[in-house]
Visitor: 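Take this structure first; my questions come after.
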Amino acid sequence: MRHPNTDAAIARLEAFFAPRRSRAAILAREALGRPAPGDEAARAAIIASLQRGLRTDGSVGGAALPTIWRAIELMELGHSGQEPGTARFITWTLGLAGQPGAFGEGCHPARHEQKACDHYLAGFFAPAPETERLAPITLPCGKTFRAEAQARFAVSCLALRAVVMAGLAGKASVKKHLMSLAVLADVWDDWSGYYAPDLVIAALHPLALSPPVYRGATLKTARFIAENQQDDGTWPNADLFHALHSLMAAGTPPAKKAIARAVPALIAMQRKDGAFGATAQEERALIGLQALLHSTGAN
């Protein structure tokens, strides 16, 4: 059943984005079907800006997260993963696959039991050298990972999402990563288990965008997340916006129902300005808007 305050919540978000000319604002108006007259010019300017400031190796300051996110931003704005600017980011990201510092390296009995070692996992991206601490790190959606192994897993999944978006799911190293997540989909059976909920959520997004051969893993993972939703629409020990973003990508029946059940919690969190707080303000506002539209069948 449609929440009675959904339309008002959407209207507040439309007003929040109305004066803005950012990537999130352009995508928000696109989702609403109400582009502003200057949006195409703003889109072109943002794309040009995102392609500037690269190092000669194709990275943003040699850092994984900014480089990966830059590629995703460009592709979400309609820039193909094969176009020179985006392709340079993707090529640099692909170079991180299987490097020292990737999640799953080595083995000991506890990790082997959870299939969290190199006997089961391969193709993960190394977002930082093994000698360098990565955590804490905050994803663009506002979710922060404070444990080192979790941070490396989550950033690797974001990198996987980028290269799959770029049409490279058939590349050998990418297939290894996707197959590893498919293996883990059979392990996830305890929301309070070895893998933190936000890691499961991080894994769902690239699986959802991948070829049909991974559909079974996508269905299992989306169902597992949906089954652990609380009565108030949120998830214990998981970030609401992170969960909604991945579930929207999945688009499975359980995912769609979970998004609809999350609407009351989402509306309760909304502030008078239409956003959901200062953390990742525009990104969370965009995810929130997309989820509200998704729940109405408009997206």
Side-chain angles (χ1 to χ4, degrees), residues 23 47 50-106 116-118 120-132 134-135 137-141 145 148-185 199 202-214 217-218 245-246 249:
R23 165 196 148 274
I47 288 174
L50 289 171
Q51 294 182 86
R52 289 196 291 267
L54 293 185
R55 293 200 334 184
T56 54
D57 64 2
S59 72
V60 179
L65 183 56
T67 304
I68 295 161
W69 183 238
R70 189 76 61 93
I72 290 174
E73 287 182 296
L74 283 164
M75 288 185 285
E76 287 186 341
L77 286 168
H79 205 254
S80 165
Q82 281 72 51
E83 292 182 59
T86 309
R88 291 182 67 196
F89 296 120
I90 294 296
T91 299
W92 185 88
T93 299
L94 282 169
L96 303 177
Q99 294 299 311
F103 180 86
E105 287 181 328
C117 66
D118 51 19
Y120 298 98
L121 308 181
F124 276 74
F125 298 91
E130 55 188 339
T131 55
E132 180 182 311
L134 180 69
I137 196 162
T138 301
L139 297 187
C141 70
F145 291 88
E148 187 65 17
Q150 293 182 12
R152 289 175 184 269
F153 184 104
V155 176
S156 187
C157 287
L158 189 70
L160 181 61
R161 175 179 150 199
V163 298
V164 170
M165 287 175 68
L168 299 175
K171 192 171 180 62
S173 60
V174 179
K175 287 171 72 174
K176 287 179 182 178
H177 199 330
L178 286 167
M179 286 302 298
S180 294
L181 296 185
V183 167
L184 292 179
L199 296 188
L204 174 59
H205 208 138
L207 281 171
L209 301 178
S210 60
V213 68
Y214 305 103
T218 301
H245 203 197
S246 286

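Predicted model, so just to flag it, every value in this text is computed and none were measured.
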Visitor: Can you measure from CZ (Arg52) to CZ (Arg70) and round to the nearest 0.5 angstrom?
Guide: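 Interatomic distance, Arg52 CZ to Arg70 CZ, rounded to 0.5 Å: 10.0 Å.
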
Visitor: Say you draw a straight line from CZ of Arg23 to CD1 of Ile72; how long is it, rounded to the nearest 0.5 Å?
Guide: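 Those atoms lie 9.0 Å apart.
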
Visitor: When rounded to the nearest 0.5 angstrom, what distance separates NZ in Lys176 from CZ in Phe124?
Guide: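 Taking NZ in Lys176 and CZ in Phe124, the distance rounds to 13.0 Å.
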
Visitor: Once side chain to side chain donor-acceptor pair (under 3.5 Å) is applied, do any residues pair with Thr91, and if so which ones, sequence neighbours excluded?
Guide: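 Expected list: none.
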
Visitor: Please report the closest heavy-atom contact between Phe125 and Ala97, naming both atoms and the distance.
Guide: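 So the two residues come closest at CD2-N, 3.6 Å.
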
Visitor: Which pair of non-hydrogen atoms, one from Cys157 and one from Ala203, has the smallest distance, and what is that distance?
Guide: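 Minimum heavy-atom contact is SG-CA, 3.9 Å.
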
Visitor: What is the minimum heavy-atom distance between Val164 and Pro206, and which atoms define it?
Guide: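 Taking Val164 first and Pro206 second, the nearest heavy atoms are CG1-O, 4.4 Å.
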
Visitor: Please examine the side chains of Tyr120 and Leu184, heavy atoms only from C-beta on, and report whether any two atoms are closer than 4.5 Å.
Guide: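 A side-chain contact under 4.5 Å is absent here.
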
Visitor: Check whether any side-chain heavy atom of Leu50 lies under 4.5 Å from a side-chain heavy atom of Leu77, and answer yes or no.
Guide: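 Answer yes - side chains close enough.
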
Visitor: How long is the gap from NE2 on His205 to OG1 on Thr218, to the nearest 0.5 Å?
Guide: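 Here the rounded value is 11.0 Å.
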
Visitor: Say you draw a straight line from NE2 of His245 to CZ of Arg161; how long is it, rounded to the nearest 0.5 Å?
Guide: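 Rounded to the nearest 0.5 Å, the NE2-CZ separation comes to 5.0 Å.
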
Visitor: Check whether any side-chain N or O of Asp118 sits under 3.5 Å from a backbone N or O of Glu105 as a donor-acceptor pair, and report yes or no.
Guide: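 Flag not set: sc Asp118 to bb Glu105 has no pair under 3.5 Å.
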
Visitor: With heavy-atom distances below 4.5 Å as the criterion, would you say the side chains of Leu94 and Val174 are in contact?
Guide: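 They are in side-chain contact.
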
Visitor: With heavy-atom distances below 4.5 Å as the criterion, would you say the side chains of Leu54 and Arg88 are in contact?
Guide: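 Of all side-chain heavy-atom pairs linking Arg88 with Leu54, at least one is under 4.5 Å.
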
Visitor: Measuring only between side-chain heavy atoms, which start at C-beta, is Pro140 closer than 4.5 Å to Leu65?
Guide: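 Side chain of Pro140 against side chain of Leu65, heavy atoms only: contact under 4.5 Å found.
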
Visitor: Please examine the side chains of Leu181 and Tyr214, heavy atoms only from C-beta on, and report whether any two atoms are closer than 4.5 Å.
Guide: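 They are not in side-chain contact.
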
Visitor: For Gln99, enumerate each residue passing the side chain to side chain donor-acceptor pair (under 3.5 Å) test, keeping only those at least two apart in sequence or located in another chain.
Guide: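 Result, side chain to side chain donor-acceptor pair (under 3.5 Å) vs Gln99: none returned.
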
Visitor: Please check this pair: side chain of Thr67 against backbone of Val60, looking for a donor-acceptor N/O pair closer than 3.5 Å.
Guide: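 Confirmed, Thr67 side chain pairs with Val60 backbone.
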
Visitor: To the nearest 0.5 Å, what is the distance between CH2 (Trp92) and CD1 (Ile68)?
Guide: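 Trp92 atom CH2 to Ile68 atom CD1 measures 7.0 Å (nearest 0.5 Å).
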
Visitor: Tell me, do Phe103 and Val155 make a side-chain contact under 4.5 Å, heavy atoms counted?
Guide: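 No, side chains not in contact.
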
Visitor: Given 3.5 Å as the limit, does a donor-acceptor pair link the side chain of Ser156 with the main chain of Arg152, or not?
Guide: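 Looks like no, no N/O pair under 3.5 Å.
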
Visitor: Please report the closest heavy-atom contact between Ile90 and Ala162, naming both atoms and the distance.
Guide: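 Where Ile90 meets Ala162 most closely, the heavy atoms are CD1-O, 3.8 Å.
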
Visitor: Any idea which heavy atoms bring Ser180 and Ala122 closest together, and the distance?
Guide: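 Looking at all heavy atoms of both residues, the shortest contact is OG-N, 2.9 Å.
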
Visitor: What heavy-atom pair brings Ala128 and Leu134 nearest, and what distance separates the two atoms?
Guide: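 Minimum heavy-atom contact is CB-CD1, 4.1 Å.
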
